[in-house]
Amino acid sequence: MKTQWSSSKQIKLGALMSYFTIAFNMIAGLIYTPWMISKIGQSNYGLYTLATSLITMFVIDFGMSAAVTRFVSKYNAAGDQETVNNLLGIVYKLYLLIDGVIFTVLLVVSFFLDTIYSNLSSADLETFKILYLIVGLFSVISFPFTNLNGILTAYEQFIGLKLADLFHKAFIIAAMVIALLRGYGVLSLVTVNAVSGILTIIIKLLIIRRKTAVRVNFKYFDRNMLKEIFGFSVWTTVGSLAQRLIFNITPSIIAAVSVTGAVGCAIFGLSNTIEGYVYTFATAINGMFMPRISKIIYDGKKETELMPLMIRIGRIQCMIIGLLVTGFIAFGRSFVVDIWNKPDFSQSYLGTVFLILPSFFYLPMQIANTTLIVENKVKLQAYVFVIMGVLNVCLSLVLSKYFGALGASISIFVAYMVRTILMVIIHYKVLHLNMLKFFKEVFLKLSPWLLITLAAGIALEYVNPIANKFVRFGTNGIAFVALFAALMYFFGMNTYEKNLLFGTVRKITKKIRH
């Protein structure tokens, strides 16, 4: 079935909507979240966080979402819709099986909540049980539909996917503001989240029904296909679990070995939050190119088309991530101390620098990383992630003891850089990609202008005479972005990138006028 928009338009508009949604989420996080906490109370918000984090521990899809994206993209590139329908029939049966296990585990845990959380007051415990029930039921209902994003991605329906995600976030905030202004408490928070989640699932199902030829064959079963899906999912799960040895376990290590204790956890938590914003913005277009890569490989054009695509996307990623990283290095301390008004967390600035620096070198290689998935070489990626996770734990146990949160950030920096080096070797040895050419075209040609922008930004911090911290931060940021844009336009960007930028802007402006 033909889509209304071409592949390139889906990617361009999908990327723009991703950035808009991320910006919306950031603003909501900075404005809405503190207001919401003040309305429901810190204790109730803590109970909500506790309920969601407990259930999240058990709701793991074991790599099934990644498997759906990979296999549907593969068969869709070959034009084999029947196999896609058969594959999804097997996948949904697996999801229902896993969902039954999750329901059983959550049900068993519910009988031990009094024992597990005996330190909660009786009133808090009763509230927590209701929250647990609502969040648990929603998780069980929504789990089989986790693969909807993978299907929409495989069919390059990025506009519909991003619109659905934006609706999800906007609906939650709008409904919660109304509920809290009318005097409803923390129960409305989980109810609104559940309702919004179900509505979003319905929207995605409608998009799949109208925009794709997917018609799931629930009657189909094939042992060999099941074995292939399971083999891919196992290694994806190993990689996902290994990545949890980075940010999930680090606060516990800091609390266990560092004299800074809870303070160190809080400092690292702030660094983690900022790194999350940067990573989310930098990876907005990740995953969108899996269908295109699948088509390139299926058509036998890997030798001629993959490296040019990797360089094109890598340069765009390098510019975006470079702006974010250099901007934070230049103005991050002012952002933490002055804008967020957290002078006691100044150490978070340096910790965040160590956390985000590796992204500059790793994320521009996303096309190669996605190719590993398409070619079903996730086992190699999983090995790298295991090495990364174990190395981080070992280093954190030593460095956190002496340097607290900063030591933990340094250990993650080292683990991430080792991951990057190992992945470069795999891309060269296994995928046979010319990584020397990639680094020359991407980093060597763009880094000089990024370094000039960084030096100018650091100088601005010292010479800007404006006393008001907000105005000073704003003017510094505008000047920094303007200099970055000028340097990239006149010296960094090639003709393709200029046409991509201004062509997209012209098209959007024309549509707005009409």
Side-chain angles (χ1 to χ4, degrees), residues 21 24-61 95 98-146 148-149 164-205 248 251 266 269 273 276 280:
T21 303
F24 178 83
N25 290 339
M26 287 181 176
I27 294 171
L30 294 173
I31 298 174
Y32 160 76
T33 303
W35 176 81
M36 178 265 291
I37 294 174
S38 69
K39 285 292 184 180
I40 67 174
Q42 190 176 30
S43 176
N44 281 332
Y45 183 72
L47 293 174
Y48 165 73
T49 304
L50 182 62
T52 53
S53 63
L54 176 62
I55 289 172
T56 302
M57 289 175 59
F58 303 108
V59 183
I60 303 174
D61 78 339
Y95 264 110
I98 297 171
D99 202 29
V101 174
I102 292 172
F103 173 77
T104 303
V105 171
L106 293 178
L107 182 63
V108 171
V109 170
S110 68
F111 291 110
F112 297 94
L113 293 178
D114 291 328
T115 304
I116 298 172
Y117 299 106
S118 57
N119 57 326
L120 293 178
S121 67
S122 57
D124 284 346
L125 189 58
E126 289 304 312
T127 302
F128 176 74
K129 287 180 179 179
I130 300 174
L131 295 175
Y132 179 88
L133 175 63
I134 297 174
V135 176
L137 282 176
F138 170 70
S139 299
V140 170
I141 293 170
S142 63
F143 181 77
F145 301 100
T146 309
L148 296 182
N149 286 3
D165 291 338
L166 180 60
F167 164 82
H168 177 62
K169 300 293 183 182
F171 181 90
I172 288 175
I173 293 176
M176 274 306 304
V177 169
I178 295 172
L180 293 177
L181 289 177
R182 293 178 65 88
Y184 298 103
V186 67
L187 295 181
S188 64
L189 178 61
V190 292
T191 304
V192 165
N193 272 277
V195 171
S196 178
I198 292 171
L199 290 175
T200 304
I201 288 171
I202 294 172
I203 291 172
K204 291 178 180 178
L205 286 172
N248 290 37
T273 299
T280 302

Residues two or more places apart in sequence or in another chain: which of them pass ring-ring contact (aromatic ring centres under 6.0 Å, His included) with F138?
none
Check the surroundings of atom CZ in F167: do more than 12 heavy atoms from other residues, nucleotides or ligands lie under 6.0 Å from it?
yes
List the atom of Y132, the atom of L106, and the distance in Å for their closest heavy-atom pair.
OH-O, 2.7 Å
Nearest-0.5 Å distance, CG of residue D165 to CG of residue N149:
6.0 Å
Mind checking what makes side chain to side chain contact (heavy atoms under 4.5 Å, CB included) contact with S188, not counting sequence neighbours?
M176, A179, L180, Y184
Among pairs that include at least one residue of residues 107-121, which meet salt bridge (Lys or Arg N to Asp or Glu O under 4.0 Å), considering only residues two or more places apart or in two chains?
D114-K129
Validation row: S142, T146 side chains within 4.5 angstrom (heavy atoms)
no
Residues L205 and L148: closest non-hydrogen pair is CD2-CD2, 3.8 Å
Taking every heavy atom of A164 against every heavy atom of T200, the minimum-distance pair comes out as O-CG2, 3.7 Å
Can you tell me how far CD1 of I203 sits from CD1 of I198, rounded to the nearest 0.5 angstrom?
12.5 Å
Once rounded to the nearest 0.5 Å, what's the spacing between atom CZ of F128 and atom CG of L133?
11.5 Å
In short, I201 meets F145 closest at the heavy-atom pair CG2-CG, 3.7 Å
Side-chain heavy-atom pair L107, F111 within 4.5 angstrom cut-off
yes
I130 and L187: which non-hydrogen atoms are nearest, and at how many Å?
CG2-CD2, 3.5 Å
Identify the heavy atoms of G100 and T104 that sit nearest to each other, and give their distance.
O-OG1, 2.9 Å
